[in-house]
Amino acid sequence: MLDNIYNQRILELAGNIPRIGRLPRPDATASAYSKLCGSTITVDLRLEDGKVADYAHELKACALGQASASIMARNVVGSTPQELREARDALRRMLKENGPPPTGKWADLAVLEPVRDYKARHGSTMLAFDAVADAVTKAEASPSDRARTRA
């Protein structure tokens, strides 16, 4: 049954994760941890003009967490905080409430739709999206501090 969730596309995404590393001067950093499987992610990002201008992440996760993080890393730059929160919420609805897969630039998340049947895998699948939502909230909370540190 797990063959349904560990399909070829998920393995391709997990094996090709962009933006690995850390940013030297992020506006915000956030981490997320899955208690069930031990997967972790730490994300760094910079906001400029109300959009993510740069992003990097370090992760230790299963293939599902890696695939989800790969999709995030491919789409995060240029996204607004609101778009990122909406993508997180759409992924959560898809997994936990049988909602439809996200559309638009987040349509690749549909590959994770079979994960909805494996509640134990929801946490690792949500990691990158939860951490990014936390990071953009932190970055928005202190714009004056960011301006001062860059000057």
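- No side-chain donor-acceptor contact under 3.5 Å links Ser39 to the backbone of Ala61.
- Between the His57 side chain and the Ala128 main chain, no donor and acceptor come within less than 3.5 Å of each other.
- A donor-acceptor pair under 3.5 Å links the side-chain atoms of Ser70 to the main chain of Asn16, judged by distance alone.
- Remark: side-chain polar atoms of Ser68 are paired, donor with acceptor, to backbone N or O of Thr125 under 3.5 angstrom.
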Problem set entry | Worked check of side-chain contact (heavy atoms from CB on, under 4.5 Å) between Glu58 and Ile20 | CA-CA 6 Å; Glu58 287 184 337; Ile20 292 186; 5.5 Å; no

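- In summary, Arg74 and Asp108 do not engage in a salt bridge, as defined by a charged side-chain N under 4.0 Å from a carboxylate O.
- Residue Lys51 qualifies as open at atom NZ: its count of foreign heavy atoms under 6.0 Å is 12 or below.
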For this session: Please test Arg85 against Glu140 for salt bridge (charged side-chain N to carboxylate O under 4.0 Å, His left out), starting from the C-alpha separation and ending with a verdict.
Result: CA-CA 13 Å; Arg85 288 184 197 100; Glu140 289 176 315; 2.3 Å; yes

For this session: Would you check, one step at a time, whether the test side-chain contact (heavy atoms from CB on, under 4.5 Å) holds for Tyr55 with Val132?
Result: CA-CA 10 Å; Tyr55 173 84; Val132 166; 3.6 Å; yes

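- Contact check on Glu86 versus Arg92 returns no salt bridge, with no Lys/Arg side-chain nitrogen under 4.0 Å from an Asp/Glu carboxylate oxygen.
- Residues Lys138 and Thr29 have side chains that never bring a donor and an acceptor to within less than 3.5 angstrom of each other.
- In the model, Thr42 has no side-chain atom that pairs as donor or acceptor with a side-chain atom of Arg22 under 3.5 Å.
- Under the 4.5 Å side-chain contact rule for hydrophobic residues, Ile41 and Leu23 do not share a cluster.
- The main-chain N or O of Met94 is found under 3.5 Å from a side-chain atom of Arg116 such that the two form a donor-acceptor pair.
- Atom CG of Asp54 and atom CZ of Arg25 lie 12.5 Å apart (nearest 0.5 Å).
- The two residues Pro101 and Ala110 make their nearest non-hydrogen contact at CB-CB, 3.6 Å.
- The closest donor-acceptor contact from the side chain of Glu48 to the backbone of Ala53 lies at 3.5 Å or more, if one exists at all.
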